[in-house]
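Below is one structure, written out as structure tokens; comments come after it.
Ligands are counted one by one from 1 in listed order, and the atoms in each one are counted from 1 as well.
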Amino acid sequence: MNLTILKIGGSVITDKFSEVPKVNLENLKRISKEISAWNRDEGLIVVHGVGSYGHVIVKRTGIDKGISTKGQLGDFAETQRLQNELNCIVTKHLIDEGVPAFPFQASASAIMNSGKLVKMCATTAGRLVRIGMVPVPYGVPAYDENQKCSILSGDEIAPYLAVKLKARRIIHATNVDGIFTSDPNKNSDAKLIREINSGNIHQVRDWLTGSTATDVTGGMYKKVSELLGIGIESQIVNALIPGNVTKALRGEAVLGTIIRA
Ligand SMILES: Nc1ncnc2c1ncn2[C@@H]1O[C@H](COP(=O)(O)OP(=O)(O)O)[C@@H](O)[C@H]1O
Ligand SMILES: [Mg+2]
């Protein structure tokens, strides 16, 4: 299937430094317009991160490390409900812009093991894409067969669906220009890596750390690790720069990092 998987970071559509769940409406509206501006003639899945809707409550309740008290069952439930709330807001803005966005709760079928996705249903997403719909999965707390609950991030959903549905490419729209030699938010002399391929792949893991904001799913390190070795071209672009998402979707040149390894 000619399919693009676009992941929008929680750092883009929420205020990731907020201690309470907070949408970045300005960014969400602009990104929705940018997705709509792509006159697509192929399939699209939009995965979104959760930013301040997820990472704060998960850090406070510890459910990413599993469930050991009855109270944490309530935390598991409330965390899922909060992500549904964000997904409702995201899909509403996409629909307002004419994108047939379809809420897609990955945790309704996902099985995790010690924080790693074992399987989830991709068939329905694929069929929805085939009829022209745009499934919108998002980061969620999910059933874990070892620790009862762990976090299934958008960064893990995107490559999983890409492999299962044989997507053409993955685009990560985040809050930095791409992968740098170190965290650009901490080191002003960090250099942008334009391409990751078999020649420099062994260096990549040394360059990456987590996130400057609260990110229980491993920030940039985890994001990129999931993309290495799946055999699907991936691109990391800065969604804070207006126009970048449309350009990337159209296959036009955008400053960023391309992963071909
Ligand atoms: N080598 C690196 N190159 C780029 N970003 C990095 C690197 N190491 C750490 N980061 C951090 O990763 C962050 C992006 O990850 P994250 O906050 O999880 O974004 P998202 O919300 O898009 O998932 C950047 O804001 C940056 O601070
Ligand atoms: Mg992240």
Item to check | S11 neighbourhood, listing ligand 1 atoms whose heavy-atom distance to it stays under 4.0 Å | outcome: 19 (O), 20 (P), 21 (O), 22 (O)
Checklist entry - Considering distance alone, does some N or O of V12 sit under 3.5 Å from an N or O of ligand 1? => result no
Item to check | Ligand-side contact atoms (ligand 1) for residue partner G10, heavy atom cut-off under 4.0 Å | outcome: 21 (O)
Item to check | ligand 1 versus S182: contacting region, heavy-atom distance under 4.0 Å | outcome: backbone
Item to check | Validation row: L3, R168 side chains within 4.5 angstrom (heavy atoms) | outcome: no
Item to check | Pairs satisfying side-chain hydrogen bond (donor to acceptor under 3.5 Å, both in side chains), at least one member in residues 43-53, at least two apart | outcome: H48-N87
Checklist entry - Are any of the heavy atoms in G178 under 4.0 Å away from ligand 1? => result yes
Item to check | Donor + acceptor pair across side chains of R260, N197 (<3.5 Å) | outcome: no
Item to check | Non-hydrogen atom of G49 closer than 4.0 Å to ligand 1 | outcome: no
Checklist entry - With a 4.5 Å limit on heavy-atom distance, are the side chains of V176 and M220 in contact? => result yes
Checklist entry - Quick one: which ligand 1 atoms are inside 4.0 Å of a heavy atom on I179? => result 3 (N)
Item to check | Atoms in ligand 1 flagged as close to T174, the criterion being non-hydrogen separation under 4.0 Å | outcome: 14 (C), 19 (O), 20 (P), 22 (O)
Item to check | Test item: side-chain donor near acceptor, T61 and D75, under 3.5 Å | outcome: no
Next on the checklist: Within a 6.0 Å radius of atom NZ on K222, are there more than 12 heavy atoms belonging to other residues, nucleotides or ligands?
Outcome noted: yes
Item to check | Side-chain touch V56/V20, heavy atoms, less than 4.5 angstrom | outcome: no
Checklist entry - Taking atom types as modelled, is there a side-chain donor on N146 or N113 under 3.5 Å from an acceptor on the other? => result no
Next on the checklist: Does Y160 have more than 12 heavy atoms from other residues, nucleotides or ligands lying within 6.0 Å of its OH?
Outcome noted: yes
Next on the checklist: Test of understanding: given a 4.0 Å heavy-atom threshold, classify the contact between K186 and ligand 1 as side chain, backbone, both, or neither.
Outcome noted: neither
Checklist outcome for this item: Here the atoms of ligand 1 under 4.0 Å from any heavy atom belonging to G9 are 20 (P), 21 (O), 22 (O)
Next on the checklist: K16 versus ligand 1: do any nitrogen or oxygen atoms come within less than 3.5 Å of each other?
Outcome noted: yes
Checklist outcome for this item: Numbered in order shown, the ligand 1 atoms found under 4.0 Å of a heavy atom of N185 are 24 (C), 25 (O), 26 (C), 27 (O)
Item to check | ligand 1-proximal atoms of K7, by part, heavy-atom distance under 4.0 Å | outcome: side chain
Checklist entry - Do E226 and K116 sit within salt-bridge range, that is, some charged N less than 4.0 Å from a carboxylate O? => result yes
Item to check | Nitrogen or oxygen of F180 less than 3.5 angstrom from that of ligand 1 | outcome: yes
Next on the checklist: Quick check: do L227 and H172 have side-chain heavy atoms less than 4.5 Å from each other?
Outcome noted: yes
Next on the checklist: Can you tell me which portion of N175 lies within the under-4.0 Å heavy-atom range of ligand 1? Options are side chain, backbone, both, or neither.
Outcome noted: side chain
Item to check | Residue portion contacting ligand 1 (non-hydrogen atoms closer than 4.0 Å) for D183 | outcome: both
Next on the checklist: If the cut-off is 4.0 Å to any non-hydrogen atom of K223, which atoms of ligand 1 fall inside it?
Outcome noted: 19 (O), 20 (P), 22 (O), 23 (O)
Next on the checklist: Under 4.0 Å from a heavy atom of W207: which atoms of ligand 1 are those, numbered in the order shown and with their elements?
Outcome noted: 1 (N)
